[in-house]
Amino acid sequence: MSPTDTPPIPLSQRAMMARPAPYLDDLNPAQRAAVEVLDGPVLVLAGAGTGKTKALTTRIAHLLAMNKARPNEILAVTFTNKAAREMKNRVGRLTGDVAEGMKWLGTFHSISVKILRRHAELAGLKSNFTILDTDDQIRLLKQLIAAANIDDKRWPARMLAGLIDAWKNRAWTPSKVPSSEASAYDNRGTELYAAYQDRLRSLNAVDFGDLLLHVVTIFQAHPDILAQYQRWFRYILVDEYQDTNVAQYLWLRLLAQGHRNICCVGDDDQSIYGWRGAEVGNILRFEKDFPGAEVIRLEQNYRSTPHILAAASGVIAANSGRLGKELWTEVEEGEKVRLIGHWDGEEEARWIGEEIEALQRGTRGLGPVSADGMAILVRASHQMRAFEDRFLTIGLPYRVIGGPRFYERLEIRDAMAYFRLAVSPADDLAFERVVNTPKRGLGDKAQSEIQRAARASGVNLLEGARDLLAEGGIGGKGAGQLRAFVAGVDRWHEAVQAGADHIRLAETILEESGYTAMWQNDKTPEAPGRLENLKELVKALEQFENLQGFLEHVSLIMENETEESAPKVSIMTLHAAKGLEFPAVFLPGWEEGLFPSQRSMDESGKKGLEEERRLAYVGITRAEEICTISFAANRRVYGQWQSQLPSRFIDELPEAHVEVLTPPGLYGGGFGAAAPAQVEARAVKADVYNSPGWRRMQAQSAARPMAQPREARNQVIDLAAVSRFVTGDRVFHQKFGYGDITGIEGDKLQISFDRAGVKHVVAGFVMPADQAQDVPF
DNA sequence: CGTCTCCTGCTTTTT
DNA sequence: GCAGGAGACG
């Protein structure tokens, strides 16, 4: 093996770097320890905002400066390409060009690809294997499911894909799937998993999970190869260790058994990818796995104010089995975390929109805050819509982070499939994807004929199609179209082989295939955008030497970084927000069932709830200056109006660090929902009626004709309200209109509304129908 | 073969 | 409430 494509560091540079290191002066004692304890296993527990990346990058610089390893003998692993890029940039700032020699700085997946390409034959693959995206994966599975005579309605392909993914995350090859899993997917999960792996091998393809799984399998079966890498990687660094799954853990442990110089950085309190197979256990177990490990805690926070830190600590304290950290800061005072309840989701969006404008104007005591410095972090992406709608109407610029990514868009995938065919005509999945896109009159029947012809002579689909045409097995207009398609692929492939200019070729392919024309003729509103994206795709090719290089890059890097100039408020999920920070953060939708998510709790019980709580912790700790948590009393869920209870996480916020802006009438839960009197007392103590939020709310509701009746708003919700009603009463609800009470459960009424159907509503929000004429409409 | 309409079923999503 | 898939129809 010769991963040694990097020349040794020039002497002049070494001398420069060996001088006493000024970069160390920049660090606090804990960070310094994380940087200077170079040998042996080290676990750095880095709380949110404690300079984790700084410690990690300085550590790399220090390794290089101390001549402990050459740049390409350091293995530095991240989860995302973004994190890898950031790390490379920051190491570059510390060491100059030397960082360029870090050939093994990358994601688990990109490094695995590198390793797997070298030893592909040991996994039954050729080194030019293709990496399937989720789309291809699902299509492939659908075929296998059909072939196995399984009703894919009852047993959807997505489910099987999820199952296989989970098994791969645990590093289970088909033969290693334990018998306890035998009942999965109608008792046929294991069988289909094996069939899927066979099929992948015959396609010379892998999925994301395979990248790690194959590498681990090769390492386990070939100690000599493993030993080479163990020798090669003198120092191993891992970012976000709390997010590793079992396969990644094995991957690391195998490699680290050489020099035993492994430094893992992570925060057990920020483990939020359990549902993707991440095992918090990996970080909790570190000292057992690596005896003699040094554990260093980074606890000084450089991001948030004391109130924000205290609120976050208060919430996360309810979790059990933590490694434990105590975040502190030298920063003084600052704003308390603000808490506000709203009538419904639309009002929440409206209020946040106005708050954002107030922050921009600088009327919230922080000086003007740029829209770039503000973020709305939601639990589930469907919550984003209310904000988008609202911001569009008030003309507030926003950006949604983590929507469908560029390379996941339909038109981009189609175009890429064409490119894939041009590069490797044997790519059957690409063939299937575009043979009838644009429509060429080659429907299911024609396609299964092609499949049959290909299978009959054991060739790929393109050859199968050629055979089919030769034997006249296809007639009518389809034949001519198919002939043109095959000829097109041949022509493009020749051009690739001849080394034609890949940008021109890409344009030609999209032109000749009729793909561009297809969208030009499409009059749906999204067609222009899609054409725009195709143009961007072609532009992206400029950064690559050829199509092959581009395709390789794209299969691993599924993102599109377009730098925008105008300041915009960010809207994203809590998951997408990890690692980011903003002066002002809004956390809407803190309601039972939504956050914590009901499904999380149903599926994973206490474990699920604790992961939700960590998500709350991640959310709060994104805020630097001001953090606003909100909830709504009513929310439309799947088109149904539902009344909501404030999240239990709100109860867990330490009161001393929270300013309640909520009018008590909407405060149905929160700090001790049990005793209504107490709720009122505390609300008063929080000086609700003098808070800007309250005055604001008064002003707003006065101006708003659809405001709920004052009576309902000012009422403390209590069980007494229920006693005003009996089953069969005719009642009125501001949102749902008139209805009849069909049942009483706790403090809620079950009401059958004339227009809105059956709802469970807190009694404080309805009134006897005969009083309803006072309601301003 | 393609299009329209009904029906179902729903988080989070680094690669 | 909406999207995506299947099944019926042209």
So [X], base contact, sugar-phosphate only, or nothing? Heavy-atom distance under 4.0 Å.
{"X": "Tyr273(A)", "answer": "base"}
{"X": "Leu442(A)", "answer": "sugar-phosphate"}
{"X": "Lys439(A)", "answer": "sugar-phosphate"}
{"X": "Glu612(A)", "answer": "base"}

Closer to the 5' end of DNA chain B via nearest nucleotide, is it Ile272(A) or Arg440(A)?
Arg440(A)
Toward the 5' end of DNA chain B, by each residue's nearest nucleotide, Thr107(A) or Ala446(A):
Ala446(A)
Counting only side-chain heavy atoms from C-beta out, which of [options] sits nearest to [X]?
{"X": "Glu603(A)", "options": "dC1(B), dT11(B), dT15(B)", "result": "dT11(B)"}
{"X": "Trp275(A)", "options": "dT15(B), dT13(B), dC1(B)", "result": "dT13(B)"}
{"X": "Thr573(A)", "options": "dG2(B), dT13(B), dT15(B)", "result": "dT13(B)"}
{"X": "Phe208(A)", "options": "dC10(B), dT15(B), dT13(B)", "result": "dT15(B)"}

Do [X] and [Y] have a side chain donor and acceptor closer than 3.5 Å?
{"X": "Glu240(A)", "Y": "Gln242(A)", "answer": "yes"}
{"X": "Asn169(A)", "Y": "Asn245(A)", "answer": "yes"}
{"X": "Tyr249(A)", "Y": "Arg253(A)", "answer": "yes"}

Is the shortest side-chain N to carboxylate O distance from Glu611(A) to Arg614(A) below 4.0 Å?
yes
What's the NE2-P distance between His575(A) and dT15(B), to the nearest Å?
14 Å
Is the glycosidic torsion of dT12(B) within 90° of 0, making it syn, or is it anti?
anti
Respond yes when some side-chain nitrogen or oxygen of [X] is under 4.0 Å from OP1 or OP2 of [N], and no when none is.
{"X": "Ser381(A)", "N": "dT11(B)", "answer": "no"}
{"X": "Arg599(A)", "N": "dT12(B)", "answer": "no"}
{"X": "Tyr638(A)", "N": "dT11(B)", "answer": "yes"}
{"X": "Arg385(A)", "N": "dC2(C)", "answer": "yes"}

Is there a donor N/O on one and an acceptor N/O on the other, under 3.5 Å, for the side chain of Arg379(A) and the base of dT12(B)?
yes
Phe387(A) ring center near Tyr398(A) ring center (under 6.0 Å)
no
